[in-house]
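Accompanying notes for the structure given below.
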Amino acid sequence: MLMKQNHPYHLVEISPWPIMSALSMMMLLTGLIKFFQQSSMMMMMMSTLLIIMIMIQWWRDIVREGTYQGMHTKMVIKGLRWGMIMFIISEVFFFISFFWSFFHSSLSPSTQIGSMWPPMGIMPFNPMQIPLLNTIILLTSGVTVTWAHHSMLNNNFKEMNQSLMITVIMGMYFTMLQVYEYIEAPFTINDSVYGSSFFMATGFHGIHVIIGTTFLFVCLKRQMKKHFSKKHHVGFEAAAWYWHFVDIVWLFLYMSIYWWGN
């Protein structure tokens, strides 16, 4: 017997994914420690694979709830939007801590690093080479994801597919260039506070680019299955907001760490 729901909220059903994802994350952290101490990657790789499988199935359930079961009412969508906004604000403060550390060390270099910035012996990257190319790529991808959003609002799904695919390709290209930059880097994360600040800030941003690219790729697959419409596309909207956040953070990283800090 179906019970009538007299409110616009979505009361989620019992799901195994939250507890399984928490246990998988604990396994991943344990695997990282095991990798650092014993050079064994088995637990780390197994937990990573488990997390990916849980993510796929959890997202599948959410897509079913919002697309096929009609659980995402206007009130639920409003809550999802505010949840994404709060998440992005928390990410902003996460990166503020890295910028705070960088400027604390660079504006008043200590005697331990020679009272100079960059520290003696550090050869920084040329900001007019790969960093500038990566900046152009990310700013252009911000334009293409906006193009995709406007195409959706105008019911032009062919252009949306094209622009969204271009955005995903640009995100993958950015990641490839950053990996190449890390391989060719003349310093490591162990090279004083400069190496630590550089690799922590740009590395975490690179992880966010990978997450954002995956987010947009999932939206592209959903769009090909006709999951989105002019009035029902909160998943893509969240992905676009996240991608713009990634663009803006990189702009600050480029201006401060690559250009000014050089």
Side-chain angles (χ1 to χ4, degrees), residues 12-65 80 83-102 104-105 134 168 171-172 174-185 187-219 221-222 235 238-239 241-243 245-246 249-250 253 257:
V12 296
E13 297 177 355
I14 296 175
S15 172
W17 311 131
I19 184 65
M20 289 186 66
S21 61
L23 292 173
S24 301
M25 287 299 296
M26 184 177 68
M27 282 180 59
L28 177 62
L29 294 176
T30 306
L32 281 171
I33 295 172
K34 194 175 178 64
F35 172 66
F36 293 151
Q37 298 294 328
Q38 302 177 7
S39 300
S40 174
M41 296 182 64
M42 180 63 70
M43 181 179 289
M44 186 177 68
M45 297 301 293
M46 287 179 60
S47 57
T48 302
L49 182 62
L50 191 58
I51 289 171
I52 293 172
M53 293 172 63
I54 292 169
M55 285 167 54
I56 292 172
Q57 294 177 94
W58 201 348
W59 289 347
R60 177 206 62 189
D61 290 349
I62 295 173
V63 169
R64 284 176 178 172
E65 292 168 358
L80 291 172
M84 192 66 194
I85 290 171
M86 294 294 107
F87 171 70
I88 290 176
I89 290 173
S90 72
E91 291 286 280
V92 168
F93 281 95
F94 175 75
F95 276 99
I96 283 176
S97 64
F98 292 123
F99 285 110
W100 188 294
S101 172
F102 176 80
H104 173 80
S105 301
N134 269 343
V168 171
M172 294 170 64
F174 177 93
T175 302
M176 290 169 59
L177 285 175
Q178 192 167 36
V179 169
Y180 175 75
E181 183 182 63
Y182 280 4
I183 293 172
E184 297 294 321
F187 56 90
T188 68
I189 195 171
N190 295 325
D191 288 326
S192 77
V193 68
Y194 184 91
S196 301
S197 300
F198 176 86
F199 282 104
M200 285 294 289
T202 59
F204 269 107
H205 177 269
I207 293 172
H208 282 72
V209 170
I210 294 172
I211 294 170
T213 305
T214 306
F215 203 170
L216 290 172
F217 179 73
V218 171
C219 289
K221 296 292 289 184
R222 290 189 63 192
W241 290 351
Y242 188 83
W243 195 252
F245 157 74
V246 168
V249 169
W250 174 259
L253 281 172
I257 294 179

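Positions are given from 1 along the sequence. FYI, side chains are in, hydrogens and waters are out, and symmetry mates aren't considered; it's all heavy atoms of this structure. Given the structure is predicted, the values throughout are model-derived calculations rather than measurements.
Between the CD1 atom of Ile19 and the OG atom of Ser24 there is a distance of 9.5 Å, given to the nearest 0.5 Å. Interatomic distance, Met41 CE to Leu32 CG, rounded to the nearest 0.5 Å: 9.5 Å. A distance of 8.5 Å separates CE of Met55 from CD1 of Ile51, quoted to the nearest 0.5 Å. Remark: Tyr194 OH to Ile189 CD1 distance equals 13.5 Å, nearest 0.5 Å. A distance of 9.5 Å separates OG of Ser15 from CD of Gln57, quoted to the nearest 0.5 Å.
Other residues, nucleotides and ligands contribute more than 12 heavy atoms inside 6.0 Å of the CE atom of Met86.
Closest of all the heavy-atom pairs between Ala239 and Cys219 is CB-SG, 3.8 Å. Taking each heavy atom of Gly171 and Thr213 in turn, the nearest pair found is CA-OG1, 3.6 Å. Nearest approach of Gly31 to Met43, heavy atoms of both residues: N-SD, 3.7 Å. What you find for Ser47 and Met44 is that their closest heavy atoms are OG-O, 2.9 Å. Taking every heavy atom of both residues into account, Trp58 and Ser21 meet most closely at CZ3-OG, 3.7 Å. Scanning all heavy atoms of the two residues, the minimum distance from Ile257 to Ser197 falls at CD1-O, 4.5 Å.
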Using the side chain to side chain contact (heavy atoms under 4.5 Å, CB included) rule, take Met27 and Leu23 through it: C-alpha gap first, then chi angles, then the decisive distance, then the call.
CA-CA 6 Å; Met27 282 180 59; Leu23 292 173; 5.7 Å; no
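The side-chain heavy atoms of Ile88 and Met84, taken from C-beta on, include a pair separated by under 4.5 Å. For the pair Val193/Phe102, no side-chain contact is recorded, criterion being any heavy-atom separation below 4.5 Å from C-beta on. Using a 4.5 Å heavy-atom cutoff, the side chains of Phe87 and Tyr242 are in contact. Side chains of Ile33 and Leu29 form no contact here, defined as non-hydrogen atoms less than 4.5 Å apart. Between Thr175 and Met172 the shortest side-chain heavy-atom distance does not fall below 4.5 Å. Put simply, the side chain of Phe198 does not reach to within 4.5 Å of the side chain of Asp191, judged on heavy atoms. Side-chain contact between Leu177 and Glu181: absent, with no pair of heavy atoms (C-beta onward) separated by less than 4.5 Å.
In this structure Phe217 satisfies the ring-ring contact (aromatic ring centres under 6.0 Å, His included) test with no other residue, sequence neighbours excluded. Checked against side-chain contact (heavy atoms from CB on, under 4.5 Å), Met42 has the following partners two or more places apart in sequence or in another chain: Ser40, Met46. Checked against side-chain contact (heavy atoms from CB on, under 4.5 Å), Ala185 has the following partners two or more places apart in sequence or in another chain: Phe125, Phe199. Glu91 meets the side chain to side chain donor-acceptor pair (under 3.5 Å) test with His208; sequence neighbours excluded. Annotation: side chain to side chain donor-acceptor pair (under 3.5 Å) contacts of Thr202 (sequence neighbours excluded): Tyr182. Partners of Phe204 according to the ring-ring contact (aromatic ring centres under 6.0 Å, His included) rule, which considers only residues two or more places apart in sequence or in another chain, are Phe94, Phe98. Here Trp250 pairs with Phe174, His205, Tyr258 under the ring-ring contact (aromatic ring centres under 6.0 Å, His included) rule; sequence neighbours left out. With sequence neighbours left out, the side-chain contact (heavy atoms from CB on, under 4.5 Å) criterion links Leu80 to His72, Val76, Val234. Contacts of Phe99 classified as side-chain contact (heavy atoms from CB on, under 4.5 Å), with partners at least two apart in sequence or in another chain: Phe95, Phe103, Phe252, Leu253, Ser256. Residues that satisfy the side chain to side chain donor-acceptor pair (under 3.5 Å) test with Trp17, not counting sequence neighbours, are Asp61.
Side-chain atoms of Thr214 come within 3.5 Å of backbone N or O of Ile210 as a donor-acceptor pair.
Applying the side chain to side chain donor-acceptor pair (under 3.5 Å) test to residues at least two apart or on different chains, the pairs with a partner in residues 26-36 are Lys34-Gln38.
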